[in-house]
There are 2 protein chains.
Amino acid sequence: MSNIKDFSSKLRNSGLRPTKQRIKICEILFNKEKTFHFSINELAQIISKETVDKISLATIYNTVQAFLKKGYLKEISINSDKSYYDTNTTNHHHFYDEDKKELIDIDYEEVEPVIVKKVPPSKKIKSIEVLIKVQNR
Amino acid sequence: MSNIKDFSSKLRNSGLRPTKQRIKICEILFNKEKTFHFSINELAQIISKETVDKISLATIYNTVQAFLKKGYLKEISINSDKSYYDTNTTNHHHFYDEDKKELIDIDYEEVEPVIVKKVPPSKKIKSIEVLIKVQNR
DNA sequence: TATAGAGATTATAACTATTCTAAACTAGAA
DNA sequence: TTCTAGTTTAGAATAGTTATAATCTCTATA
């Protein structure tokens, strides 16, 4: 379990000034035992519940962008109207529950490695994402 | 190559009244030898170039939604701010070229079938989409 | 410890994608 | 030809996100 000191030095080490807003957001995002998925709006709601002094929406956007760039978060693509982020930045795939509108991690081992026979000329693979949409039987 | 009559009856057969706007959009979308990918905005621009009488944005949205529901189009999920659609509604996957911001179809045979060992309880798989992000080597 | 200034935060405006609304129009059945 | 349900339309409304410009705050260094 990380504490404020840890987050502070982690932020500093990656060139981000450890402000109280960023530390708070770290606590919310990275103090969980499970990884989780969120939209900016969901994150904003959690923050407003857990803090006395509010953090402005702009800062939340900025912080998420910064963490994304540093590789602490991963963006997930669902066909959607808004962006979703994942605190699990390792290689893994997702189920998307069409009924509950909910994203579920799939352990990497649960999906056989995806094998692609050809890649466009002079390109290299950056990532492979599998999205499996499921619905009630 | 389909002509206006064809589109007219195809529309009627699927319960959509063949209006001149819908027929025009059909011509643009389905008279190509290659499948293609587009955003609403890109489609709107093509329409405005190819037609004298404009089609309102609302109609373009409505029509794309209608074609989507009828299964003539497929929505594609890229991590994005807007929706993309594909005239290729068969099972296939995509490369996303991060440099050109361009989507490329992958023939179904080019990717080994994705095998999932477990599905969430009482759910069935609706679709499996693989998005392979590539960038310059 | 005080302070300057780069980097952050903030409220709010602006922007973009999409949906809604309500009036006007039209395809096609009768 | 007439009627009407289904369509189209312009424009308003909404939601997500980014930009702006003023204010604030870390932290290096004097």
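On a predicted model such as this, the values are computed, not experimentally measured, just so you know. Residue numbers begin at 1 in each chain, while the letters A, B, ... track the order of the sequences.
Nucleotide C:dA8 holds its C1' atom 6 Å from the CZ atom of A:R22, rounded to whole Å. At whole-Å resolution of the value, CG in A:L16 and C1' in C:dT9 are 14 Å apart.
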For this session: Under the side-chain contact (heavy atoms from CB on, under 4.5 Å) rule, what do B:H94 and B:D86 come out as? Steps first, then yes or no, please.
Result: CA-CA 11 Å; B:H94 295 100; B:D86 194 338; 2.9 Å; yes

Exercise. Please walk me through it: do A:S14 and A:Y72 pass side-chain contact (heavy atoms from CB on, under 4.5 Å)?
Worked result: CA-CA 10 Å; A:S14 52; A:Y72 302 147; 3.0 Å; yes

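Five base pairs at each end of the helix from C:dT1-D:dA30 to C:dA30-D:dT1 define two local axes, and these are offset by 20° (rounded to 10°).
Defined by atom type and a distance below 3.5 Å, a donor-acceptor pair is present between the side-chain atoms of A:E75 and A:S83. Looking at A:T90 and A:N88, their side chains do bring a donor and an acceptor atom within 3.5 Å of each other.
Every residue was checked against the salt bridge (charged side-chain N to carboxylate O under 4.0 Å, His left out) condition with B:D105, not counting sequence neighbours, and none meets it. When the side-chain contact (heavy atoms from CB on, under 4.5 Å) test is applied to B:S122, the partners found at least two apart in sequence or on another chain are A:R137.
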Using a cut-off of under 3.5 Å, enumerate the N/O to N/O pairs linking the protein to nucleotides 15-18 of chain C.
{"residue": "C:dA17", "atom": "OP1", "partner": "B:K82", "partner atom": "NZ", "Å": "3.2"}
{"residue": "C:dT18", "atom": "OP1", "partner": "B:S83", "partner atom": "N", "Å": "2.9"}
{"residue": "C:dT18", "atom": "OP1", "partner": "B:S83", "partner atom": "OG", "Å": "3.2"}
{"residue": "C:dT18", "atom": "OP2", "partner": "B:Y61", "partner atom": "OH", "Å": "2.8"}
{"residue": "C:dT18", "atom": "O5'", "partner": "B:Y61", "partner atom": "OH", "Å": "3.3"}

Distances under 3.5 Å between nitrogen or oxygen atoms of protein and nucleotides 24-30 of chain C:
{"residue": "C:dT26", "atom": "O2", "partner": "B:R17", "partner atom": "NH2", "Å": "3.4"}
{"residue": "C:dG28", "atom": "OP1", "partner": "B:R12", "partner atom": "NH1", "Å": "2.4"}

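A salt bridge links B:K123 to A:D99: one of the charged nitrogens lies within less than 4.0 Å of a carboxylate oxygen. Salt-bridge annotation for A:E109 and B:K117: absent, with no side-chain N of the basic residue lying under 4.0 Å from a carboxylate O of the acidic one.
In the hydrophobic clustering of this structure, A:L131 does not group with B:Y96; members are Ile, Leu, Val, Met, Phe, Trp, Tyr whose side-chain heavy atoms approach within less than 4.5 Å, directly or through other members.
On the nucleic acid side, DNA chain D contacts chain A at distances under 4.0 Å to non-hydrogen atoms, with the end points of that region at D:dG16 to D:dT27.
Between A:F30 and A:F7, the ring planes lie tilted relative to each other; the angle falls in the 30° to 60° range.
Cation-pi geometry between A:K70 and A:F67 is not met at under 6.0 angstrom from the ring centre and within 45 degrees of the axis.
Judged by distance alone, the side chain of A:E50 and the main-chain N or O of A:I47 form no donor-acceptor pair under 3.5 Å.
Side-chain atoms of A:C26 and A:L11, non-hydrogen and from C-beta on, do get closer than 4.5 Å to each other.
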